[in-house]
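Labels below follow one simple rule: chain letters A, B, ... track the order of the sequence lines, proteins then strands, and each chain is numbered from 1.
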Number of protein chains: 2
Amino acid sequence: MTDEPEGLRALKKQRTRQAIADTAIGLFLRNGFDRVSVAEIAAAAEVSKPTLFRYFPTKEELVLHRMADHLGEAARVVRERPAPLTPLAALERHQLERLAAHDPVTGLCEEPEVLAFMRLVYDTPSLSSHLLDYIGHDIDALAAALAEALPGAGALAPRLVAVQFIGVRQELARLNWQRLDGGTPVEQAHRLAVAETVEAVALLRGGAGGRGF
Amino acid sequence: MTDEPEGLRALKKQRTRQAIADTAIGLFLRNGFDRVSVAEIAAAAEVSKPTLFRYFPTKEELVLHRMADHLGEAARVVRERPAPLTPLAALERHQLERLAAHDPVTGLCEEPEVLAFMRLVYDTPSLSSHLLDYIGHDIDALAAALAEALPGAGALAPRLVAVQFIGVRQELARLNWQRLDGGTPVEQAHRLAVAETVEAVALLRGGAGGRGF
DNA sequence: GAAGAAATGCAACTGAGTAACAAAAGTATC
DNA sequence: GATACTTTTGTTACTCAGTTGCATTTCTTC
């Protein structure tokens, strides 16, 4: 999976990177993103400011890199789907599985640290703004995978479907988090999330026309 | 429409604002967004730096405020649609009208300054990133209008349809611009844009299921 | 025309991000 | 195990976006 170039040097790099990110997120959660300076973070992590920026290109990346792992997940799901499944069916199944596992990417995770982390991202404009950039790459990847899966569909439809699916997925994740953060019990939130996911995919599959739109 | 609080003071304010924005965009088009500092802009516009920031909250706004006029247009179209039209039908008709008028918002405008302006926005990461924030507000407004138009639809479906429509509209606009910027003649680009708009709305209305997704 | 309000300029500041260069630490070679 | 080489780090100083406080000018109002 991930290259482990081994050696003492690489090990220390990983540790430093982890230490910086942990320190930063800890401070952000305690005091708010805008009220912590990178200089403070660097000092708390016992590292100089230039070093900090050698590990993370921007202040926002200190937070958002944790979400980068799941980038391109939708595209992978489409590519690796078993033969009988349509792309949308595979995406739906995968999404339901992630919901059942209470995976943070779905927004449905009751862990207090995760909830606080998501609140940090959603409540900080510069973070949620940057998050949209990530999502853009996700759309690109999914569009490519869809075009590959349906060679006869042209270039436009896959792109549009990718925009729609990723947009909807993101919207549902935000909704899931909002409910949990608002105090809704997990089991209830999970039932709602499942129902909404099924409804959303049905909407994507069957269109909005039949519903009066 | 727009308040005109009259008076010599208000007039000068409008003029100053216009002068600052024009100066800034001129410099950006000439040298690139990242290679012009706000200090330069302020100097060229014969204004101090704090004054510049009293008119525009960020460097990006100097460019993007020109797109703010059309914010909430989709929501308005839905609210003011004539009785027999469904929301999607009204949005489609309006979009086709804007295309016929070669309205810059559609991306289909051959004016060299407009083309260059859009290139500036699309090719500058911090600008296209900020543009997404605008679009977010557009989605919110359309979601509200759709929920109003279909009281029985619940809260979820209107939101999802809004996400889908605005996302798709944006994608098509980018495509239109790319073609014109790449040298495609306007008439041809217009025909393609019309066809794609119709196809996109058909996709939204009828769903992706029937197309193998 | 004078009093009050609003807009501007000036100077100095904070905070993100970068560049140059020197010091230190890890790796490889004999 | 010392030596030469490469990578990582710290220090200092810088650029640039955006802000603040205060004095000054400019418009409005009476």
What is the distance, to the nearest angstrom, from the [atom1] atom on [X] to the [atom2] atom on [N]?
X: A:Glu40; N: C:dG15; atom1: CD; atom2: P; result: 8 Å
X: B:Gln14; N: C:dA7; atom1: CD; atom2: C1'; result: 15 Å
X: A:Lys13; N: C:dT27; atom1: NZ; atom2: P; result: 12 Å
X: A:Glu60; N: C:dG17; atom1: CD; atom2: C1'; result: 11 Å
X: B:Asp34; N: D:dT15; atom1: CG; atom2: C1'; result: 13 Å
X: B:Leu52; N: C:dA7; atom1: CG; atom2: P; result: 16 Å
X: B:Lys12; N: C:dA6; atom1: NZ; atom2: P; result: 17 Å
X: B:Lys49; N: D:dA17; atom1: NZ; atom2: C1'; result: 7 Å

Does [N] have OP1 or OP2 under 4.0 Å away from a side-chain N or O of [X]?
X: B:Thr51; N: C:dT8; value: no
X: B:Lys59; N: D:dC16; value: no
X: A:Tyr55; N: D:dT8; value: no

Charged N-O contact under 4.0 Å between B:Arg76 and B:Asp138: no
Electrostatic pair A:Glu73:A:Arg98 at N-O distance under 4.0 angstrom: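 Between A:Arg98 and A:Glu73 there is no salt bridge, as every charged N stays at least 4.0 Å from the carboxylate O atoms.
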So what does A:Ser48 hit on the nucleic acid, given a heavy-atom distance under 4.0 Å: a base, only sugar-phosphate, or nothing? base
Any side-chain donor near an acceptor of the partner, B:Glu60 and B:Ser126, under 3.5 Å: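 Present: a donor and an acceptor within the cut-off.
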Considering only C:dT18, C:dA11, C:dG15, which nucleotide approaches the side chain of A:Phe53 most closely?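 Selected nucleotide: C:dT18.
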Which nucleotide in D:dA17, C:dA11, D:dT9 has an atom nearest any side-chain atom of A:Thr16: D:dT9
Keeping the roles fixed (side chain from A:Thr106, backbone from A:Leu108), state whether a donor-acceptor pair exists under 3.5 Å. yes
Check: B:His65 side chain, B:Glu61 main-chain N or O, donor-acceptor pair, under 3.5 Å: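 Side chain of B:His65 to backbone of B:Glu61, a donor-acceptor pair under 3.5 Å: yes, one is there.
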Can a donor-acceptor pair under 3.5 Å be found between the side-chain atoms of B:Arg54 and the base atoms of D:dG18? no
